[in-house]
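A quick write-up on the structure given underneath.
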Amino acid sequence: MAAASSLTHPPLGFGLGLRTDHYESILAGPRRVDWFEIISENYMVPGGKPLHFLDRVRAEYPLVMHGVSLSIGSTDPLNRDYLRDLKILAERVQPAWISDHLCWGGVAGKNLHDLLPLPYNRETLEHVAERVQQVQDFLGRRLLLENVSSYLTYKRSEMSEWEFLREVSERADCLILLDVNNIYVSSVNHGFNPIDYLEGIPAARVQQFHLAGHRNLETHIIDTHDEPIVDPVWNLYREAVRRFGPVSTMIERDDNIPPYEELLTELDHARAIAREVLSPDAKAREGRNGCSIAAPSKAGARRGASVAAARLPSE
Amino acid sequence: MDTTLNKLQGDFQRYLLTLDGPMAKEVVSDALDAQTRLGIYADAYRLRLLEALQTDFVALRAVLGDDEFDAMGRAYIDAYPSQHYSIRHFGRNLSRFLAETDPYRATPVLAEIARFEWAMTDAFDAQDATVATVADMAAVAPGAWPSLRFGLHPSLQRIELQWNAPPIWKAVDENTDIPEPQQAEYPIGWMLWRNEFKIYFRSLSVDQAWMLDQLLTGATFSEVCEGLTEWIDAQHVAAHAAGLLKQWLEDGLIATIDY
């Protein structure tokens, strides 16, 4: 387990994504989550209902800002309008931190509104690290970069995603938002061991976890955020908590949004896992036995099924 | 910038936009081949944008039907790729697209429904403002009236429509029978605005539309009255204009009364 890091902010506990459907329940009921994450772009508007509810929720809860449009890996110049609007929103929200994705979203002035993967090689590394530094200078704070789900590998990639993420974070001195579901989704889609991923991530830079559901199409998994979290992702979360400690955790639900209560129950499951892993008893047990986790092998990905990995975290 | 990464991103984008080009050569084929892997992104690209259109153009979708809306949306996606960082703005050109593109331009009500729905979208998250009240107007000294100017609520959208898009929208919203498209003899002015979090819309008579547009350009009360004599008898014009102002104050349309 990681020691408390001087790089990261104190953990916020267990949060949810702030969604329109839940505004009234959140404000009407007792405080049942520790914090909320907003999709920054949804509130980068002049006024009206979104900003009204944003302010009201912010008055009662810590918030973090999660963007989808930074396009940090694009070869287009950084979008100055976007950065300006992001900074204005940050001044309003005073978020605990700001995150976006390790990806690109378009070139030549077009926006594809997707989180497209980058080729993991030296050229991209230098490009991304430099841009992260520019963004951090502009915002006056460290940025969190999140690993995305991906469905393809470039022939030009020279290193694994986790090696790339580690290098970017260290070169640019940024933080990491580790999406546990995305690690799992990509591990199946590309046939790697998700434990290798966790092992490659510098613990001192992990500020936040994402959890989410996905859709398994047998030949591959699509990261849809419209289903409950599945057991293999819970297992990987368990392992992530064991490795990185009490990191701020939230559930992303973007579609097929259930009642607030249902997400609270799902969040309680995350709390229970973290409590169990971090309790002194659990650590003692782990010391004796280690712990196994379902991890898809390359063969498993080919067959469209996950296979319990023989490999233990302590190996 | 012309680098390997730039070229790769250009090829990838070209594939997503046109389903064409050399991108497949850059992608590893294994359990799934490169084409299938690229196809996942190409599908997701269109589905995400279609979903944004479905959210913003509910009435248009009801009028066209799901399949036709889907086909129209895909043609729009190809014609007007997003240029804004936020997907919120993606539908901005849909009305223009429908007005200029076969076969949709043969049914002009479609472009007007899109225009009306987009005006609602713009009113929804326009800037907030406190509103002036009838009491504020009553407090104005008679001598100050001629030089008064009025600041309108930032959510106000002024559009002209020649077809019955608003009643069609209303029927869809209330889940009642959608009226047949109907063309008016001349374009009719409409205003849409937000009060609290609700969107309102109302048609305007010619003099009302003219007066509202004058207020938007910063005309004074006396200038407005003078112009209104085109339609209103000079003897009654001040009372008529004051009556409209009172109505608009009650509607929450007027943000400031400026001396």
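All chains are named by letter (A, B, ...) in the order of the sequence lines, taking the proteins before the strands, and each is independently numbered beginning at 1.
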Task: Interface residues of residues 49-73 of chain B facing chain A - non-hydrogen atoms under 4.5 Å apart - done: B/L49, B/E51

TODO: Could you give me the CA-CA distance, side-chain angles and deciding distance for A/L112 and B/L17, then say whether side chain to side chain contact (heavy atoms under 4.5 Å, CB included) is met?
DONE: CA-CA 9 Å; A/L112 302 163; B/L17 297 177; 3.9 Å; yes

TODO: Report the distance from atom CG of B/L8 to atom CG of A/N121, rounding to the nearest 0.5 Å.
DONE: 9.0 Å

TODO: Would you please classify the geometry between the B/F197 ring and the A/F53 ring as parallel, tilted or perpendicular, with 30° and 60° separating the classes?
DONE: tilted

Task: Interface moiety of A/L70 toward chain B, non-hydrogen atoms closer than 4.5 Å - done: neither

- [ ] Taking B/D125 for its side chain and A/G47 for its backbone only, find out whether a donor-acceptor pair lies under 3.5 Å.
- [x] no

Open item on the list: Let's test your reading of the structure: which of B/R194, B/Q127, B/Q9 forms the most heavy-atom pairs below 4.5 Å with chain A?
Closed with: B/Q9

Task: Spacing of CD belonging to B/Q13 relative to CG belonging to A/L116, to within rounding of 0.5 Å - done: 9.0 Å

Open item on the list: Need one label for A/S157: side chain, backbone, both or neither, based on atoms under 4.5 Å from any heavy atom in chain B.
Closed with: neither

Open item on the list: Less than 4.5 Å to any heavy atom of chain B: does that hold for the side chain of A/S71, its backbone, both, or neither?
Closed with: neither

Task: chain B contact via A/D255 - which portion, at a heavy-atom distance below 4.5 Å - done: side chain

TODO: Mind running side chain to side chain contact (heavy atoms under 4.5 Å, CB included) on B/R37 and A/H190 for me, showing each step along the way?
DONE: CA-CA 11 Å; B/R37 288 183 180 276; A/H190 304 301; 3.9 Å; yes

- [ ] Decide yes or no for A/P50 and B/F124: does some side-chain heavy atom of the first lie under 4.5 Å from some side-chain heavy atom of the second?
- [x] yes

- [ ] Tell me, out of A/D85, A/I222, A/N42, who's got the most heavy-atom pairs with chain B below 4.5 Å.
- [x] A/D85

Task: Gap separating the CG atom of A/D114 from the CD1 atom of B/I40, nearest 0.5 angstrom - done: 11.5 Å

Task: Approximate separation, where rounding is to 0.5 Å, of B/T3 OG1 and A/E123 CD - done: 4.5 Å

- [ ] For residues A/K155 and B/K25, report the shortest heavy-atom separation together with the two atoms involved.
- [x] NZ-O, 2.9 Å

Task: Within 6.0 angstrom of A/K87 NZ, more than 12 heavy atoms from elsewhere - done: yes

Task: Within 6.0 Å of CZ in A/R58, more than 12 heavy atoms from elsewhere - done: yes

Open item on the list: Looking at chain B, which one of A/H113, A/K49, A/E41, A/R156 has the largest number of heavy-atom pairs inside 4.5 Å, strictly under?
Closed with: A/H113

- [ ] Considering non-hydrogen atoms only, spot the tightest contact between B/A126 and A/P46 and give its length.
- [x] C-CB, 3.9 Å

Task: Rounded distance [0.5 Å steps], OG in A/S69 versus CZ in B/R88 - done: 13.5 Å

TODO: Give the intermediate values and the outcome of side chain to side chain contact (heavy atoms under 4.5 Å, CB included) for residues B/F12 and A/L152.
DONE: CA-CA 11 Å; B/F12 199 159; A/L152 61 75; 3.8 Å; yes

TODO: Count the heavy-atom pairs under 4.5 Å between each of B/L32, B/T36, B/L38 and chain A, then report the option with the highest count.
DONE: B/L32

Task: Over all atoms of both residues, closest heavy-atom pair of A/S149 and B/Y41 - done: O-OH, 4.3 Å

TODO: Enter the distance from A/D81:CG to B/H84:NE2 here, rounded to the nearest 0.5 Å.
DONE: 7.5 Å

- [ ] Please say whether more than 12 non-hydrogen atoms of neighbouring residues, nucleotides or ligands are located less than 6.0 Å from CD in A/Q94.
- [x] yes

